[in-house]
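Note sheet for the following structure.
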Protein chains: 4
Amino acid sequence: MGGVKSKRVPRAVREQQMMDAAVLTFARRGYRAASMDEIAEVAGVSKPLVYLYLNSKEELFTAVIQREAAALVAAVRGAVEQGAAADRQLWSGLKGFFAHTAEHPEGWAVLHQQARTHGEPFALEVAAMRAEIIEFVTGLIGAAAREAGCDESLAEREVSGLAHALVGSAESLAEWANARPEDARPSAKETAATLMNFAWTGLGPLMGGERWAPGG
Amino acid sequence: MGGVKSKRVPRAVREQQMMDAAVLTFARRGYRAASMDEIAEVAGVSKPLVYLYLNSKEELFTAVIQREAAALVAAVRGAVEQGAAADRQLWSGLKGFFAHTAEHPEGWAVLHQQARTHGEPFALEVAAMRAEIIEFVTGLIGAAAREAGCDESLAEREVSGLAHALVGSAESLAEWANARPEDARPSAKETAATLMNFAWTGLGPLMGGERWAPGG
Amino acid sequence: MGGVKSKRVPRAVREQQMMDAAVLTFARRGYRAASMDEIAEVAGVSKPLVYLYLNSKEELFTAVIQREAAALVAAVRGAVEQGAAADRQLWSGLKGFFAHTAEHPEGWAVLHQQARTHGEPFALEVAAMRAEIIEFVTGLIGAAAREAGCDESLAEREVSGLAHALVGSAESLAEWANARPEDARPSAKETAATLMNFAWTGLGPLMGGERWAPGG
Amino acid sequence: MGGVKSKRVPRAVREQQMMDAAVLTFARRGYRAASMDEIAEVAGVSKPLVYLYLNSKEELFTAVIQREAAALVAAVRGAVEQGAAADRQLWSGLKGFFAHTAEHPEGWAVLHQQARTHGEPFALEVAAMRAEIIEFVTGLIGAAAREAGCDESLAEREVSGLAHALVGSAESLAEWANARPEDARPSAKETAATLMNFAWTGLGPLMGGERWAPGG
DNA sequence: AATGAATGAGCTTTCATTCAT
DNA sequence: GATGAATGAAAGCTCATTCAT
């Protein structure tokens, strides 16, 4: 591996190559089992160069987490139909989320599986990203409540729980979708639809035949 | 830990002590970062004894996973009100689930965070347990559909997605609840209620003021 | 392994069982790689009992070497036709030697391969046995010289070298014979004949058509 | 040992230093008892470097065996007077053999004592080298037979036995010579002469006063 | 006469990290 | 900008040996 030997590459580019290699390797082996040797080899450079640019395994991992987290948030934010109704905003955001996690399965695996399970410093990094998304969803739920004209009926705390449940189920579904064999893997749209039906309509009404549908 | 030095303990007992220590240590450090030295120390025995009884780190981890998975499944099964309506069964099962994960946070962390992220052999162990629960939930959704008189309206595949979404959101909530500071941690009942409202009623109806409530 | 569980066996018998197990295990694994655990298991007893009777791995090995060495010397001495001509004595002694090493391949392997290659204390034990045999052979060569009427013609030192060469070649042949596949393994008599032709007649005369034969 | 601290040595050189150290240590302690720690220390490097270059104890041992075997075969081949009469060829080859084993006692000990007694993979390595030499000796015996005009008189199988006996006795003598105290150690020439007298002339004729001598 | 329970010490191996060029 | 050479520290695992019964 390591592809074509390309010497004398500018620092910024090399750093990205190293982080790409790191994402792959962390996803494949797990944080601890991934060795700097393998990362360097996959990146096609010598180990000292990795240290020269990224300083240490911890810093490298942190850098990777931050890069992947930022990319994910950007993808979601970019997908949301700003100004639309709450359910439409959620729907579009979810499509963006599932599309990104499907296109970057290793990045998602690093964020969702590795970063959260290998010590506080890394977990906090992910928590920060998650907080951003939770805040966004919380806002949406509040907006939906106002749209429905039900002021005060939802306690702050209840909303927080709901937002966590929603985000959590989205994360679970993303992992589940990526783990499926390629030929049975649902599209981002399908996954988002499943979640909207589940979370917006609710199982009870669903049983009664109701469905959520992307409205006007 | 390490507690009182109790020498000459029968094998069966020592094995449980070792597995207790292992659960704690795997949860605290992660599978790879947990050292057999630390596990032995926490168990209050020498390392060779751990190897004598549990053979290797992998086997110890597997044994731990199996024990914790069995305990969790037993807790959920034991909590379900058999014969009740589908929503009541789900409600009681969820209470059992959240109660168990709250009482055994390390066991839950090992199952949810460690076992699934450190290689196929371990992940498969958890997958087997998960399959058991998914099957149960799938059955409940089917029952609910029949109760509501909506034959055929739910495709096999849609049900599977919904079951995954439900179980996934329960897992996420359990993790979230356990991660909260102790004084802000919701009770199992509260967490179960949040999830029932979210998943059974649905966000849409919820906004309209509807609530799910444990019916007669 | 370990055969039938026979409890409460007198010490002398148990010790022999243990040494049998040790011979087998040392031959199979080598001195260092043979574990006291395996020896105890093969002997069908618990490890502490081995220590109670044989004290340590070193002492066990020493005891094994001494027993096997004594048995081999006894076999050779018993086979020699006392009073016969020198070449007949050698011939009968060699037959005894090859017969014993063929019937006790593990014992021979321990003496020849293990005892000599794992430190002075053990090597000396074998050297003592070897000295006994070398002395016997040296005597035979001296006798042969007298029979042939060639006094003084053989220096002390030359005789010693010849005796070593003869014994060494016998040892090599024994190892070689035991290492052959069972169906191609020569009998003790055949091996002894090969050696007599080689060592007594000599390759030169042999080429001229001469052969050694067990004379009257 | 460990000698002068010479830092930053090219890999090829270091590898030879490590193998030198390994030969010494394996000969002194035996394969199993030799620790990688001691080998590294004798080589004057850190243990990880030994692993970096030689990969594992098994591979290191194999590399050592192959190097020493090749050196021994080269020494013998180089010493043989090609084209001379069969006995002269044998005589010169033996001198080369005993000279090499005397100059490289540790290498010889590793080949003869350690490699053959620590498991198939290593034993096969030595067997391959031995087969080369046996083949050479077999050829010589055949040539001698032709020179003496005795066609057909020697069965294939008998020749094989004789070659093994000859090589075996040479090996035994080499070991014996190296084991003697330095002041009583025979020269390579003396040892070769002893063996020629023993093996070529034969004890019987020898007793009658005949001697083998390096002919014209 | 015999054993289940237990350990100190040591081994092979790996890894994150640095130095000198 | 880039690397071959090198290591301190620790991890998983095993073994000879002993204690208490």
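Remember, it's a predicted structure, so these values are computed and weren't measured experimentally. Throughout, protein chains are lettered first and strands after them, A, B, ... in sequence-line order, and every chain is numbered starting at 1. As a basis for the values below, the full set of heavy atoms in this structure was taken, side chains included, without hydrogen atoms, waters or symmetry mates.
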### Centroid separation B:H104 to B:W108 less than 6.0 Å
no
### Query
How many Å lie between CD on A:E59 and C1' on E:dT17, as a whole number?
13 Å
### Query
Rounded to whole angstrom units, what separation is found between the CG atom of A:D37 and the P atom of F:dT3?
14 Å
#### Entry: Aromatic ring proximity, centroids under 6.0 angstrom, A:H118 and B:H118
yes
## Note on the structure
Nearest-nucleotide check on DNA chain E, D:N55 vs C:V45; residue mapping nearer the 5' end is C:V45
### Summary
On DNA chain F, more 5' by nearest nucleotide between D:P48 and C:M36 is D:P48
### Query
Separation of C:Y53 atom OH from F:dT17 atom C1', in whole Å?
18 Å
### Task
Name the nucleic acid region contacted by A:R11, choosing base, sugar-phosphate or nothing; use a 4.0 angstrom heavy-atom cut-off, strictly under.
nothing
### Message
In whole Å, I'd like the distance from the CG atom of B:L49 to the P atom of F:dC19.
### Response
17 Å
### Message
Given the structure, check if the side chain of C:K57 and the base of F:dT17 hold any donor-acceptor pair shorter than 3.5 Å.
### Response
no
### Task
Describe, in one word, how the ring planes of C:F26 and C:Y31 are oriented to each other, choosing from parallel (under 30°), tilted (30 to 60°) and perpendicular (over 60°).
tilted
### Task
Starting from C1' on F:dA6, measure out to CG on D:L54 and report it in whole angstrom.
15 Å
### Message
Between C1' on F:dA16 and CD on C:E58, what's the gap in Å once rounded to a whole number?
### Response
11 Å
### Message
Need one value for A:A33: base, sugar-phosphate or nothing, where a base atom within 4.0 Å counts as base even if backbone is also close, heavy atoms only.
### Response
nothing
### Task
In plain terms, say whether D:K47 and D:E41 are close enough for a salt bridge, that is, a side-chain N and a carboxylate O under 4.0 Å apart.
no
### Message
Side chain of A:S46, heavy atoms from C-beta onward: which of E:dT7, F:dT3, E:dA2 has the nearest atom to it?
### Response
F:dT3
### Query
Among D:L52, D:V45, D:L54, D:V50, which one satisfies side-chain contact (heavy atoms from CB on, under 4.5 Å) with D:R14?
D:V45
### salt bridge (Lys or Arg N to Asp or Glu O under 4.0 Å) involving A:E106 - partner list, sequence neighbours excluded
none
#### Entry: Base of F:dT17 paired with side chain of C:K47 (donor-acceptor, under 3.5 Å)
yes
### Query
To the nearest 10 degrees, how far apart in direction are the end axes of the helix from E:dA2-F:dT21 to E:dT21-F:dA2, each fit to five base pairs?
30°
#### Entry: Side-chain N,O (C:R32) to OP1/OP2 (F:dA16) below 4.0 Å
no
### Query
Is there a donor-acceptor contact under 3.5 Å from the side chain of D:R116 to the main chain of D:H112?
yes
### Query
Just how far, in rounded Å, is C1' of E:dA1 from CE of C:M18?
10 Å
### Query
Is any side-chain nitrogen or oxygen of B:Y51 closer than 4.0 Å to OP1 or OP2 of F:dC15?
no
### Query
Is B:R14 near enough to E:dG4 that one of its side-chain N or O atoms lies under 4.0 angstrom from OP1 or OP2?
no
### Message
Under 4.0 Å, counting only non-hydrogen atoms across every strand here, what does B:P10 touch: a base, just sugar-phosphate, or nothing?
### Response
sugar-phosphate
### Query
Considering only F:dT3, E:dT12, E:dT13, which nucleotide approaches the side chain of D:S56 most closely?
E:dT13
### Query
Would a 4.5 Å heavy-atom cut-off, applied to side chains only, mark A:Q114 and A:F61 as touching?
yes
### Task
Indicate, with a heavy-atom threshold strictly under 4.0 Å, whether D:A40 touches base, sugar-phosphate, or nothing.
nothing
### Whole-Å distance separating the CG atom of D:L52 from the C1' atom of F:dT3
14 Å
